[in-house]
S.K.: 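Take a look at the following structure, please.
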There are 2 protein chains.
Amino acid sequence: MPRKTDKRNRLVEAAKALIHQQGFNLTTLADIAQEADVPLGNVYYYFKTKEAIGIAVIEKRAQELAQWIASWNESEGPFARLSTFILHALSDIDSIARFGCPIGALCQELGKQGGSLADLAAKLLHDELTWVESQFGALGAGDRSQEFALSLLSSVQGTYLLTHTFKDPKLADRQVKSLMNWLKALPLKATAKEKELALA
Amino acid sequence: MPRKTDKRNRLVEAAKALIHQQGFNLTTLADIAQEADVPLGNVYYYFKTKEAIGIAVIEKRAQELAQWIASWNESEGPFARLSTFILHALSDIDSIARFGCPIGALCQELGKQGGSLADLAAKLLHDELTWVESQFGALGAGDRSQEFALSLLSSVQGTYLLTHTFKDPKLADRQVKSLMNWLKALPLKATAKEKELALA
DNA sequence: GTCTATATACAGATAGAC
DNA sequence: GTCTATCTGTATATAGAC
């Protein structure tokens, strides 16, 4: 058991949660230290700067995203995968209403200050976009894959933002239905059997 | 000429621009004072607190939004109005790529810290949503007006976020075409004549 | 490796001369 | 109404004992 990394993990987890809830700039090292039950001075043994914590948090998010993508890939066929993605992305509606998207909100906040943190965060959304695009490719969308992927991810991110702004979980719920209908109605080569699987 | 409000206006305009560019929390009163060419100490003659400047900026945005809505209403018929809205919302693509949506980003940032500022900012997006909804109502969307309005505003806001995150103006450009096609393909009672007007 | 005490910087906000 | 000087709080970060 790696006792050494125990505190480090606690710090990253605390920072991850607090940054989601309060944003990066509003979250202080004192907040993180308290939440992780680590004395403030000790934080600097594990992370030289606040930015270093930010990097660790984004790397953690990247790992988790990779795991989610792996789990979406377990659905059979691209149509079912995209359905799973939509359902999963907009599943934790109460958290969304309170804090928005852990990745999208971070990209927006960090995007304004530039730097390497912003690039790291942007890569998360980019990876997500690339995955969605490849699913549309597998669905036979051809050169419209990019367009469809952009439409889907925009809608999902916009739904996060509006749900968070209006603090109304039902809003995300309604959008799930709209997006599922949109997906089903797209002019794609998906087989009827595949659509059936997704609805099962 | 109201000389008295001259400095006040300069401060609000400076704050409006800086908050759009840097976000609210990262924008200091010193930044605003410098941009407005007003000594720091003098800022407090016009605004008791930083929050008071935030309120003034949001009120200014509300006025501007009201003017934009009035200008969108000048288009003939709801279909043309929605087309105008989409084109206008995603017109200043370079600014979007650099700083995102002046309203949406603010709602996300302030939404995390709560308070009256967050509510004021949320009202801007709410007014926009209500207007879009009423246009779909006029198009005969009936009880689907809310659903369509939510879809459209989500897409627009998500487009802002992705365009800003990836710093790619072309992304917003592509989404304009997608959204216009989506609008045209909706199962609505819009007359052919109305669609023609929108395309003219 | 851990933790207390503290240095440093800068933010919002105020006092008071002019 | 205007502006300089400054107060106060707090955030990041460091020093150094243990």
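Naming convention: chains lettered A, B, ... in sequence-line order (proteins, then strands); numbering from 1 in each chain. Keep in mind it's a predicted model, so treat the numbers as computed, not measured. Values reported hereafter were calculated over all heavy atoms of this structure, with side chains retained and with hydrogens, waters and symmetry mates removed.
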S.K.: Do we get A/Lys184 above A/Phe79's six-membered ring, with its NZ or CZ under 6.0 Å from the centre and within 45° of the axis?
M.R.: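 Negative - A/Lys184 is either too far from the ring of A/Phe79 or too far off its axis.
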
S.K.: May I have the distance from B/Asp31 (atom CG) to C/dA11 (atom C1'), rounded to whole angstrom?
M.R.: 11 Å

S.K.: What's the CG-C1' distance between B/Asn42 and C/dT14, to the nearest Å?
M.R.: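 Checked: the CG to C1' distance equals 14 Å.
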
S.K.: Below 3.5 Å, can you tabulate the donor-acceptor pairs from side chains in residues 90-106 of chain B to any protein atom, sequence neighbours excluded?
M.R.:
residue : atom : partner : partner atom : Å
B/Ser91 : OG   : B/His88 : O            : 2.8

S.K.: What do you reckon, is CH2 of B/Trp182 surrounded by more than 12 foreign heavy atoms closer than 6.0 Å?
M.R.: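 Yes, because the 6.0 Å sphere around CH2 of B/Trp182 holds more than 12 heavy atoms from other groups.
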
S.K.: What residue pairs, at least two apart or across chains, pass salt bridge (Lys or Arg N to Asp or Glu O under 4.0 Å) with a residue in residues 151-166 of chain A?
M.R.: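 Every pair satisfying salt bridge (Lys or Arg N to Asp or Glu O under 4.0 Å) with a residue in residues 151-166 of chain A: there are none.
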
S.K.: On the nucleotide C/dG1, are OP1 or OP2 found under 4.0 Å from the side-chain N or O atoms that A/Tyr46 carries?
M.R.: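 No.
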
S.K.: Which residue pairs satisfy the salt bridge (Lys or Arg N to Asp or Glu O under 4.0 Å) criterion with at least one member in residues 16-26 of chain B, sequence neighbours excluded?
M.R.: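 Sorted result for residues 16-26 of chain B: B/Glu13-B/Lys16, B/Lys16-B/Glu64.
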
S.K.: Could you run down the sub-3.5 Å N/O contacts of the protein with nucleotides 13-16 of chain D?
M.R.:
residue : atom : partner : partner atom : Å
D/dA13  : OP2  : A/Lys50 : N            : 2.7
D/dA13  : N7   : A/Tyr44 : OH           : 3.1

S.K.: Checking A/Ser75 against A/Thr84: is there a side-chain donor and acceptor pair closer than 3.5 Å?
M.R.: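 Their side chains do contain a donor-acceptor pair, which is all the 3.5 Å distance test asks for.
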
S.K.: Report the distance from atom CG of A/Asn25 to atom C1' of D/dT10, rounded to the nearest whole Å.
M.R.: 15 Å

S.K.: Atom CD of B/Gln34 to atom C1' of D/dC3: distance rounded to whole Å?
M.R.: 16 Å

S.K.: If you only use heavy atoms from C-beta on, which nucleotide in D/dT12, C/dT2, D/dG1 is closest to the side chain of A/Thr28?
M.R.: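 When the side chain of A/Thr28 is considered, D/dT12 is the closest of D/dT12, C/dT2, D/dG1.
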
S.K.: Given axes from five pairs at either end, by how many degrees does the helix from C/dG1-D/dC18 to C/dC18-D/dG1 bend, rounded to 10°?
M.R.: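 For the helix from C/dG1-D/dC18 to C/dC18-D/dG1, the axes at opposite ends meet at about 10°.
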
S.K.: May I ask you to check whether A/Ser155 and B/Ser154 show a side-chain donor-acceptor distance below 3.5 Å?
M.R.: no

S.K.: What salt bridge (Lys or Arg N to Asp or Glu O under 4.0 Å) pairs are there with at least one residue in residues 114-143 of chain A, not counting sequence neighbours?
M.R.: A/Lys123-A/Asp127

S.K.: Among B/Leu82, B/Leu129, B/Leu186, whose side-chain contact (heavy atoms from CB on, under 4.5 Å) with B/Leu152 holds?
M.R.: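 Among B/Leu82, B/Leu129, B/Leu186, the one that satisfies the side-chain contact (heavy atoms from CB on, under 4.5 Å) with B/Leu152 is B/Leu82.
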
S.K.: Does B/Tyr45 place a side-chain N or O at less than 4.0 Å from the phosphate oxygens OP1/OP2 of D/dT2?
M.R.: no

S.K.: Rounding to an integer number of Å, can you tell me how far A/Leu11 CG sits from C/dT2 C1'?
M.R.: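 So the CG-C1' distance, A/Leu11 to C/dT2, works out to 13 Å.
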
S.K.: Between C/dA11 atom P and B/Ile53 atom CD1, what is the distance in whole Å?
M.R.: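 Rounded to the whole Å, the gap is 14 Å.
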
